[in-house]
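This report refers to the structure that appears directly beneath it.
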Amino acid sequence: MADVLEEITDIISKHSLVGIGELPPETRLDEINIQSLDLFEIVFDIEERFKIDVPDQTTAGSHLEFTTIGQIAEGVRSILAKSKAA
Amino acid sequence: MNRVVITGIGVVSPVGSDIETYWDALVEGRSGIGPLTTIPTDRLSVRIAAEVKNYVPEENFEIRAVSRLDRFAQFAVIAARNAVADAGLIFNDELAEATATIIGTGVGGQHTLDDSYYRLYAQNAAKLHPFTIPRLMVNAGASQISMDLGLRGPTFAVASACASGTHAIGLALDMIRSGRAAVALAGGAEACITFGTLKGWEALRALSADTCRPFSRTRSGLVLGEGAAILVLESFDRATARGAKIYAELRGFGMSADAADITTPNAIGGAQAIRAALKDARINDDSVDYINAHGTGTMLNDATETQTIRAVFGAHADRLAVSSSKAVLGHGLGAAGALEAAATAIAIQRRVMPPTANFEERDSACDLDVIPNTARDRRIRCAVSNSFAFGGLNAVLALGEL
């Protein structure tokens, strides 16, 4: 599997219509016109791409922080690590 | 009570999505029916439909919006945009609040439903797309139009199967008459040519395997269609004050329920709705020159509709002309009545009666003047547009020249 950060950047690029080259890890989603509805789709795409379950944000133990692209990648890595350990 | 006129028309249809192409196809009897292209046909016994052809969502919506709108809602929005442009309307804050959006739809987001169930049942997917519900809801068309155009007045969907679009226009007429809305976008949208829906229609044995030939002795059933049509309605005073082009006056609306059979049409219920529309419009039977028939091309509908028209008009039934647009458009279900009301309004404006295309042989059970295959240049003082839906729900519009 390609680098998690690259994959996440690709998904965010698709939803924000901002080129991959202009999306460094510190990019905040609220800076690139990502709205709440987009977030639902982004989570859905992440789950499909990585074959993981992203817990609801209200669920305790959520590992996805959705402020920056880097944080999402970090959260996905942590979910992937847990599922490997399990 | 305000007089109500039609000042804008927008369509998405199997024969084109601008008014001129649409109208030319109807007048020339060029059918939009053809082999199915949008779904796999290997398990279908009926392999034709009147599809909206070469439709590319991304040409009409930004990529993010495409995943939020079912095909039927996309059609609704495009038709609404076209209708507003045609009417030359510009919405300021006040008008946006006073504009109603009433959209008829038979079944809602069938593509979304079909795709979702395929994922769940056939592919054993664990999850569905997050917009599954907002895409498939039957009011999605009305809601997406209001969001796209910023219209904030009374907005809702109407469902009465094949009469949905007609009911929507009739309700909008009442709202403009009463002053509840200043302008209304009213019509219908449907896109339910999916594998699942077609299997359902196959089971009903109402579909033709070759084409749709309304009122012809050789007719063999209906052909499913899809699309959308939206009319812009406003009061005569408002339209003339702003110098708007007027297609026709929407003069009356009648509706009824057969209270009899869920699929078999009934001449009594249909006649009641036509009479109600004429009474509402204050039109004498003998000033009706043209009827745009429901004319589905099934044995039963066309014969029953003939009896219905004879019951209402008596001797005048032999002097008026009747045609069905479904040979060209297929049966657009919730969109059908709106597509046909649009055709009727243009016919009045241009003084041309569109023909019944695909006509082969007269049937003694359909012994009306059905304008076989060739359009007529003829003034239309008043016209009636019939929709007789499954569920025994009838809706009839009466239109007239100004």
Side-chain angles (χ1 to χ4, degrees), chain A residues 1 4 7-23 27-59 61-67 69 72 75-76 78-80 82-84 86, chain B residues 56-74 76-78 80 101 108-109 111-152 155 157:
Chain A
M1 184 180 292
V4 171
E7 295 269 352
I8 299 289
T9 309
D10 182 54
I11 291 170
I12 303 290
S13 166
K14 197 183 96 194
H15 287 280
S16 62
L17 309 178
V18 176
I20 290 172
E22 295 163 57
L23 292 173
T27 309
R28 296 171 56 94
L29 298 194
D30 57 9
E31 293 168 341
I32 51 171
N33 194 27
I34 293 284
Q35 292 146 13
S36 64
L37 270 181
D38 302 310
L39 271 184
F40 286 116
E41 276 198 297
I42 289 169
V43 172
F44 180 71
D45 284 357
I46 289 173
E47 289 182 324
E48 292 271 287
R49 188 92 58 114
F50 294 98
K51 309 279 179 245
I52 57 173
D53 268 324
V54 175
D56 288 347
Q57 304 230 321
T58 49
T59 311
S62 166
H63 290 279
L64 271 198
E65 173 58 56
F66 268 94
T67 309
I69 292 176
I72 298 172
V76 168
S78 127
I79 293 173
L80 285 170
K82 273 201 169 179
S83 63
K84 255 183 211 153
Chain B
V56 182
E58 290 77 12
E59 287 174 2
N60 299 282
F61 297 91
E62 70 156 288
I63 188 112
R64 286 194 287 189
V66 170
S67 70
R68 291 176 196 175
L69 278 75
D70 186 270
R71 185 173 169 96
F72 99 93
Q74 294 182 26
V77 170
I78 296 166
T101 305
H111 280 271
T112 301
L113 204 58
D114 216 61
D115 294 347
S116 302
Y117 285 173
Y118 183 76
R119 275 179 63 90
L120 282 182
Y121 300 146
Q123 300 182 316
N124 284 318
K127 297 192 177 190
L128 291 182
H129 190 278
F131 300 149
T132 303
I133 299 299
R135 280 169 61 114
L136 70 78
M137 59 194 192
V138 78
N139 61 302
S143 296
Q144 294 291 353
I145 290 172
S146 86
M147 289 161 61
D148 193 76
L149 297 172
L151 308 178
R152 308 199 310 279
T155 299

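Lettering follows sequence order; numbering is per chain, from 1.
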### Message
Please classify the contact between A/L17 and chain B as side chain, backbone, both or neither, with a heavy-atom cut-off of under 4.5 Å.
### Response
side chain
Taking the side chain as every heavy atom from C-beta outward, state whether [X] and [Y] have any pair of such atoms under 4.5 Å apart.
{"X": "A/L39", "Y": "A/L29", "value": "yes"}
{"X": "A/I42", "Y": "A/I12", "value": "yes"}
{"X": "A/F50", "Y": "A/I79", "value": "no"}

Can you measure from [atom1] ([X]) to [atom2] ([Y]) and round to the nearest 0.5 angstrom?
{"X": "A/I52", "Y": "A/I46", "atom1": "CD1", "atom2": "CD1", "answer": "7.0 Å"}
{"X": "A/I8", "Y": "A/I11", "atom1": "CD1", "atom2": "CD1", "answer": "5.0 Å"}
{"X": "B/I145", "Y": "B/T101", "atom1": "CD1", "atom2": "OG1", "answer": "6.5 Å"}
{"X": "B/M147", "Y": "B/T155", "atom1": "CE", "atom2": "OG1", "answer": "11.5 Å"}

### Task
Check whether B/L128 gets within reach of chain A through its side chain, its backbone, both or neither, counting any heavy atom under 4.5 Å.
backbone
Would you mind checking chain B against chain A for donor-acceptor pairs under 3.5 Å and listing them?
from	atom 1	to	atom 2	distance (Å)
B/R64	NE	A/H15	O	3.3
B/R64	NH1	A/H15	O	3.2
B/R64	NH1	A/N33	O	2.9
B/R64	NH1	A/D38	OD2	3.2
B/S67	OG	A/E41	OE1	3.1
B/S67	OG	A/E41	OE2	2.5
B/R68	NH2	A/D38	OD1	2.4
B/R119	NH2	A/E48	OE2	3.2
B/K127	NZ	A/E47	OE1	3.2
B/K127	NZ	A/E47	OE2	2.6
B/K127	NZ	A/D53	OD1	2.9
B/H129	NE2	A/E41	OE2	2.8

